[in-house]
Amino acid sequence: MSDVIRKYERRAEAVNSLLCVGLDPEIERIPERFRSDALPFFAFCRWIIEQTHSVALAYKPNVAFFEARGSLGLEELARTAEYLRSEHPEIVTICDAKRADIGNTNRGYVASIFDAMGFDAVTLHPYLGREALAPFLERKDKASIILCRTSNTGAGEFQDLVSDGKPLWETVAERVSKEWNGNDNCMLVVGATYPAEMRRIREVAPALPFLVPGVGAQGGDVAAVVAAGLDAKGKGLLISSSRGILFAGDPAVAARQLRDEINAAREKIYAAR
Ligand code: OMP
């Protein structure tokens, strides 16, 4: 088992949680009191982490929200990653950057995301193939989270294209599970909005953890996700919500409620097994 997968297992057990909190700050939506801070997104994310860490298996900042603010945003992202590393080293950190390029360019992303900012994991497009992604995949101390079935309404445009008698998302799941995961450090992105596909992906990739965005603001159904995606050990999921927690009246309550909703669905599955 690789370092990050072991960290995932330990943290999921320790706080009995499969919840990933997405850190997607928006200046117009964060509480007024943070806006006058020199680093408003960092101040806001630190507060969210303080409010939610007791039920968090993982945090997932999406770089788009930080990059939108130029060099200040990049500093806020780096400070958020550093804060998580120093205050909560047991929590999995995911840089949602959806990177991928030719091999030597990927080395730049690896240096920035894994080494300079110290994230445990990164989201990646599979389109350039395994050879190009080697700089990510060869990092045994980190995890590569490959987009398989995304949560958006138009996900099928390419992902549903059939080749060798199966949709592309199924081929991605099969390849990552059987060929890319030699270091046991891969996961898949599977949107909460496609539980039927998730069920099939779980059959094809029985041992891979799934990062599952799309509950909360995008309307994915937690019970359907848990029923479709839980692995044989009763884990295998990081169910992620950003806006549904960050901009709730009380983020601590929203995070706990979602953790509990996920666990209630897990209990139901255990009872039926
Ligand atoms: P909320 O809809 O606010 O919970 O945010 C969803 C987050 O997950 C955003 O940061 C998205 O970029 C990300 N996401 C998806 O929504 N759909 C996907 O298929 C993949 C991701 C992701 O990789 O996390």
Side-chain angles (χ1 to χ4, degrees), residues 4 8 18-30 41 44-45 48 52 55-69 73 76-77 80-81 92-100 109 113 119-127 133 136 143-160 167-169 172-173 176 186-198 201 208-222 224-225 228-229 237-249 251 254-255 257-259 261-262:
V4 178
Y8 166 93
L18 300 181
L19 174 67
C20 171
V21 178
L23 297 174
D24 297 355
E26 294 172 48
I27 202 73
E28 313 74 35
R29 298 189 72 183
I30 65 175
F41 279 10
F44 173 69
C45 288
I48 289 289
T52 57
V55 294
L57 160 60
Y59 285 100
K60 181 180 75 71
N62 186 309
V63 296
F65 297 89
F66 296 87
E67 283 175 358
R69 288 160 53 72
E76 291 170 309
L77 176 64
T80 302
V92 177
T93 57
I94 300 167
C95 182
D96 188 3
K98 300 186 182 67
R99 297 295 194 232
Y109 289 135
I113 293 169
F119 280 101
D120 292 324
V122 63
T123 52
L124 299 170
H125 286 277
Y127 205 65
L133 294 187
F136 294 102
S144 294
I145 310 182
I146 316 292
L147 294 175
C148 178
R149 178 49 151 182
T150 57
S151 66
N152 54 307
T153 49
E157 180 175 359
F158 293 119
Q159 294 165 27
D160 283 345
L168 185 57
W169 53 263
V172 170
V176 175
C186 291
M187 306 189 197
L188 295 172
V189 173
V190 186
T193 44
Y194 294 101
E197 285 85 341
M198 186 180 297
I201 296 168
L208 292 186
F210 298 167
L211 172 64
V212 183
V215 300
Q218 296 178 55
D221 181 63
V222 170
V225 164
L237 297 170
L238 297 95
I239 300 178
S240 192
S241 173
S242 307
R243 288 167 290 182
I245 293 174
L246 302 185
F247 309 125
Q257 276 175 350
L258 181 52
R259 192 272 307 252
E261 189 184 350
I262 295 166

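The chain is numbered in sequence order, starting from 1. First listed ligand is number 1; within each ligand, the first listed atom is number 1.
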Short list, please: which atoms of ligand 1 are under 4.0 Å from a heavy atom of [X]?
X	result
Gln218	2 (O), 6 (C), 15 (C), 16 (O)
Asp24	5 (O), 7 (C), 9 (C), 10 (O)
Ser241	4 (O)
Thr150	19 (O)
Ser151	15 (C), 16 (O), 17 (N), 18 (C), 19 (O)

For this session: Would you mind listing every side chain to side chain donor-acceptor pair (under 3.5 Å) that reaches into residues 18-29, with sequence neighbours excluded?
Result: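 Qualifying pairs, neighbours excluded: Asp24-Ser242.
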
Nearest protein heavy-atom contact for [atom]: which residue, which atom, what distance?
atom	answer
atom 20 (C) of ligand 1	Pro213 CG, 3.4 Å
atom 5 (O) of ligand 1	Ser242 OG, 3.3 Å
atom 8 (O) of ligand 1	Lys60 NZ, 3.2 Å
atom 3 (O) of ligand 1	Arg243 NE, 2.6 Å
atom 12 (O) of ligand 1	Asn62 ND2, 3.0 Å

For this session: Answer whether the closest heavy-atom distance between the side chains of Leu211 and Thr123 falls below 4.5 Å.
Result: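 Counting from C-beta outward, Leu211 and Thr123 do come under 4.5 Å.
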
Exercise. Side chains of Thr80 and Tyr59: is there a donor and an acceptor less than 3.5 Å apart?
Worked result: no

Problem set entry | Donor + acceptor pair across side chains of Thr193, Gln218 (<3.5 Å) |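 No.
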
Problem set entry | For Phe66, all residues meeting ring pair (Phe, Tyr, Trp, His ring centres under 6.0 Å), sequence neighbours excluded |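 Expected list: Phe41.
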
Exercise. Mind checking whether Arg149 has a heavy atom under 4.0 Å from ligand 1?
Worked result: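 No, Arg149 has no heavy atom closer than 4.0 Å to ligand 1.
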
Problem set entry | N-O pairing of Asp160 and Arg149 below 4.0 Å | yes

Exercise. Should Asn152 be counted as touching ligand 1, given the test is an N or O pair under 3.5 Å?
Worked result: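 No - when backbone and side-chain N and O of Asn152 are compared with those of ligand 1, no distance drops under 3.5 Å.
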
